[in-house]
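Note on naming: letters A, B, ... go to the chains in the order of the sequence lines (proteins, then strands), and numbering restarts at 1 for each one.
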Amino acid sequence: MKHISWLGVGFLTPALLIVGFLFFAPVVMTAVFSFTNMSTATGISGGDYLLSPNNLDEMQAHGVSQKTLDALADTTYQVDDHGLLLLAQEFGTEIANELKERHNNDIFKNRGELERALKDMKHRIRSPRDRKKAADLFGTSILNQRFTSKVDFITAVIQTGAVQADIPAVTSVAYTGWQWTTNNFKRLFSLPATWRYALNTLAYVTLTLVFNIGFGLFLAISTFYMPEGFANTFRTIWFLPRILPPVLYVLMWKWFTWDTGFLSTILAPLGIPAQNWMMQTSTHAWVTIILINGSVGASLGMILFSSAIRSIPASMLHASEVDGASRFQQIRHIILPQLRWPILFLTSYETLSLLASFEHILLTTDGGPGKSTEVWALAAFHTALRNYSGNLQYGYGAAFALILVAIGIAASLVYMRLFNFRDLVSKPRIER
Amino acid sequence: MKIELRNFTKRFDGQAVVDNVSLTIESGEMIALLGPSGCGKSTSLFSICGIHRMDEGQLLFGDKDVTNLPSQKRNVGVVFQNYALYPHMSIFENIAFPLVVQKADRATIRRKVADIAELVQISDLLERKPANISGGQQQRTALARALIRRPDVLLLDEPLANLDAKLRLEMRSEIRRIQSETGITAILVTHDQVEAMSICDRIALMQKGKVVQLDKPREMYANPANMFVAEFLGNPPIRFMPAELHENQMIAGGAALPRPQHLKQSNLPDKINLGIRPEHFGPQFGNEISGHILAIETQGRENLYDVALSDGGVLCSIQPANDHLNPGDTIQWGIASQHLLAFDGQGERI
Amino acid sequence: MPIQSRNFKAAPMIILLSLLSLPLLIMCFYLIVDTITNTQPGTLIPDEITFEHWRFLWQTTENSSANIWRVTLNTFVFSITTATTILAISLTAGYALSRLNIPFRRFFLSGLIMLHAFPTITLIIAIFLILQTLGLYDSLIGVIMVKSALELPFGIWIMKGFYDNVPWEIEMAGVQDGASRFTVWRKLVLPQVQPGMMALLVFSFLTAWSELVLPLVLAPGNKSQVLSVYLATMLADESSIDFNLMKSVGLFYVIPVIITYMIFQRKLMNIYGGGTKG
């Protein structure tokens with residue numbers, strides 16, 4: 001570019017920084033996380049090395065040799081300060097001191113050897129039962145021992161006599177931090193629940209969109225045929241779903257559909273038993289979330305379509321009336337064709353937002369009853385950020401989210417072509 | 001079909017925009033509603049086609065009272081100022097629309113559209129979209145759409161306003177040709193007096209919601225009912241100057257002139273206004289009036305002269321083009337006294 | 001001249017739409033009535049007036065241990081700071097993208113549209129972890145930063161739209177008169193986009209005020225809680241559901257929204273409608 005405006009560069013920098021750090025970086029990180037097994041259990045930063053008895057079975061499955069497994073399961077006995085301290089407390093300092101003198105840092109392959117050593121001392125422990133107990137104080141196993149550094153862990157593993165070739169596998173099982181993996185996507189594509197979520201999302205987006213556009217059109221067109229005062233009143237009313245905070249809007253619906261709420265109360269005299277009209281069955285839940293989300297979108301549609309209708313030249317409407325068109329014909333032949341672009345625009349815009357929206361469903365049904373209204377975005381949220389088991393699977397949730405990112409990018413590329421991005425980018429007319 | 005408006009009044013927000021207008025248009029006649037903007041001519045048109053409802057009065061198409069019928073049931077063809085073509089439909093679909101909404105069968109639609117397209121000479125454009133044809137062609141399309149149902153009356157709202165000067169002349173005669181070929185009663189709304197005079201049988205000149213004069217164009221030009229009409233018709237416009245009537249002469253423009261034949265009655269007021277059209281002032285009419293030339297405007301075939309008279313008044317004269325005179329020159333010219341128009345203090349014609 | 005002709009009757013439309021609007025109107029009506037009355041189960045007509053449902057204002061309730069005034073203050077701080085941040089950054093960035101020669105201008109503009117495709121859920125997991133690492137988890141600052149960043153693409157797009165509508169001639173004249181581009185922006189252009197600034201400020205305030213998911217995930221604790229989370233916590237606890245209490249909290253929560261809506265209705269409809277163009 002010939003002329004660069006440094007003012008422009010300066011003006012843009014704050015936005016670039018914020019968007020870069022809190023918008024772009026998270027997207028990249030989502031992509032990165034989706035290839036890890038990060039969860040509450042693994043933590044976010046690095047982890048420790050810890051083998052538990054349970055891990056032994058797991059290692060066998062990973063093909064670790066029996067010899068190594070035995071070696072790891074083995075307990076060795078080493079005379080160390082920690083053991084000596086315990087010994088002193090239990091059996092007196094004299095015994096402890098003598099053992100330290102004779103066998104400091106010695107390693108015994110099994111308990112019998114250490115017991116024999118204790119028996120051979122001047123200040124010996126008489127009862128075999130006590131000797132056994134004393135020897136146990138020095139028992140160490142690599143199992144259930146936490147190592148903060150990889151080197152220490154490997155040294156300890158070698159000390160147990162494990163086979164060299166098995167060490168990488170052992171280390172990887174023992175590591176408690178997160179690891180790189182493609183399992184998230186394998187899981188995603190293999191679990192039937194995933195397809196359930198995908199189908200739910202498809203149904204949710206399609207049905208809500210139809211309601212959005214249909215009811216939005218109805219609101220815009222019906223208010224168009226009213227005197228200004230009435231039209232404004234209705235537009236104000238139907239703008240409420242969009243302007244009210246979702247929590248409050250859902251609260252109002254919850255009251256309306258609750259088993260002690262409005263619908264149940266008003267229907268009681270008709271002999272219809274009180275019930276939760278929102279959550280009774282999955283059909284109830286679906287109807288509710290479509291009405292709730294649909295009316296929010298319809299508010300937007302109403303405004304968009306209303307202004308589009310207003311921009312139709314009055315003479316065109318007059319001409320059609322003079323030409324003999326009834327109201328229905330006027331809507332079908334004159335108004336709707338003029339709304340083609342706004343409808344297309346709203347469809348594309350709402351498809352993307354609905355695909356990723358879960359706020360209202362979270363508040364309304366939280367995916368229930370069962371998982372019948374669990375949509376993709378909500379599943380991601382539940383997996384990674386809020387669930388009842390308490391194990392938040394960040395990596396797996398990120399994989400869910402990454403699919404949405406991919407769809408989003410693809411869609412916006414299509415939209416840019418569709419809505420002629422070039423037209424939006426006119427060159428500055430002052431060339432400095 | 002004969003169209004009759006009786007005591008028509010239309011108000012917006014309590015303000016009468018059209019005030020007690022009665023008008024009869026003979027069958028096959030083309031009449032112009034002429035007047036400055038805001039005079040109520042468009043409102044009248046919209047009321048005749050039913051887009052506005054009449055607050056008072058009656059509208060008759062032939063013997064049928066259509067006052068309370070909606071537009072759809074009136075059988076009126078309208079050509080709107082911006083043509084109001086439907087941009088998403090082809091020319092064919094635009095023209096066919098009035099028949100489509102009547103649910104006419106396809107063959108009929110095809111035949112009628114072909115006929116009317118031939119009449120307005122756009123047969124080869126039928127597949128195009130309105131955005132892809134010229135202004136004049138759009139105009140013809142709008143005409144075709146208005147005529148396709150064979151309306152009882154054809155309404156034209158400033159049909160030439162959006163065309164350039166050359167096309168305007170062409171379409172002017174086209175509209176007249178098509179109207180007389182179809183024989184449909186037509187109402188032309190316009191603010192352009194040339195347009196009204198050149199193609200209409202009669203002109204209804206409106207001012208402030210009333211029809212001030214209804215007459216044949218030539219008649220209205222020669223015998224305007226008041227100063228407003230006199231000034232509205234004619235380009236360059238008529239000029240006025242005050243005159244004092246005396247026994248045998250009158251003082252006007254700083255000169256004593258003989259009282260013209262048609263102003264000889266004795267019951268006239270002493271002070272009147274004289275209207276003099278540019279073609280009635282010049283050297284060929286004598287030399288009673290003196291003045292000097294303020295400005296000369298060349299129009300090619302003719303020159304326009306603004307002449308300041310000795311009493312401060314200004315007259316305009318139109319003469320065959322020549323180079324004899326320059327601004328500042330003094331002249332001694334006369335007026336064609338038989339064409340003088342006299343108005344009283346209220347501006348009414350004497 | 002009115003746009004609508006009188007060829008079609010309005011009455012059928014008005015009646016139909018009134019019927020359809022009824023549920024919404026009932027919800028709104030009872031939202032207000034239920035906060036100051038008690039109603040016996042099985043009926044819809046209140047039988048006594050009471051202020052006990054507003055007790056959350058002076059005591060902590062069984063549903064929430066947070067202090068309502070602290071929460072309200074948090075919400076105001078959150079919304080106002082977020083709105084001003086968004087406005088300030090959008091004002092400069094929007095101008096740069098609309099009017100100035102900057103490298104990669106096309107790229108930035110298409111990026112701006114692309115960013116719309118990354119909704120909250122695609123970012124919040126990573127942001128949750130980032131904030132935990134930075135130590136900004138469960139703090140207002142964290143949520144403010146995140147909310148501002150998420151709304152920024154929209155804000156910049158809106159401001160760019162307003163700048164696009166300022167006639168070039170104004171700027172050309174300013175430059176001819178010897179002013180720098182910065183002065184031109186500050187003295188000549190900013191006054192022209194004042195309605196846009198106002199609209200964006202109000203809009204950002206309202207979206208922040210209504211925001212639930214971000215604070216719910218990033219700042220759920222009592223100290224940094226905002227009203228939406230406060231109410232959502234009550235709403236989620238289905239074991240002791242008390243609609244009168246929740247409606248009172250809800251009404252308390254929505255008052256600033258309603259006031260703003262009433263003052264700026266026309267402007268807001270414009271930005272909600274026109275703001276999504278492109």
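A:Q338 and B:P87 get closest at one heavy-atom pair: NE2-CG, 3.4 Å. Residues B:R145 and A:A319 approach most closely at NH2-CB, 3.4 Å, considering heavy atoms. Contact detail for B:H88 and A:P337: the closest heavy-atom pair is CD2-CB, 3.1 Å.
Counting heavy atoms from C-beta on, the side chains of B:F97 and A:I334 come closer than 4.5 Å. With a 4.5 Å cut-off on side-chain heavy atoms, B:K103 and A:Q329 count as touching. For the pair A:D323 and B:Q102, the minimum side-chain heavy-atom distance is 4.5 Å or more.
Once rounded to the nearest 0.5 Å, the distance linking OH of B:Y83 with CE of A:M316 reads 15.5 Å.
Annotation for A:F24: atom CZ does not count as buried by contact number, only 12 or fewer foreign heavy atoms lying within 6.0 Å. In this structure, B:E118 places its CD atom where only 12 or fewer heavy-atom neighbours from other residues, nucleotides or ligands lie under 6.0 Å away. Counting heavy-atom neighbours within 6.0 Å of B:K112 NZ, excluding the residue itself, gives a total of 12 or less. Within a 6.0 Å sphere centred on CZ of B:R111, heavy atoms belonging to other residues, nucleotides or ligands number more than 12. For B:E127, the CD atom sits in a loose shell: 12 or fewer heavy atoms of surrounding residues, nucleotides or ligands are nearer than 6.0 Å. Crowding of A:F230 atom CZ: a count of heavy atoms from other residues, nucleotides or ligands under 6.0 Å not exceeding 12. More than 12 heavy atoms of other shown residues, nucleotides or ligands fall within 6.0 angstrom of atom CZ in B:R177. Surrounding CG of B:D105 are more than 12 heavy atoms belonging to other residues, nucleotides or ligands, all under 6.0 Å away.
Aromatic pair A:H333/B:Y86: ring centres not closer than 6.0 Å.
Within the 4.5 angstrom heavy-atom criterion, no atom of B:L155 approaches chain A. For A:S326, the part lying near chain B is the backbone, with the side chain staying farther off; criterion is any non-hydrogen pair under 4.5 Å. Residue B:R74 does not touch chain A at all, counting heavy-atom pairs closer than 4.5 Å.
Residue A:H318 is tested with B:V78, B:I51, B:D157 for a side-chain contact (heavy atoms from CB on, under 4.5 Å); the sole match is B:I51.
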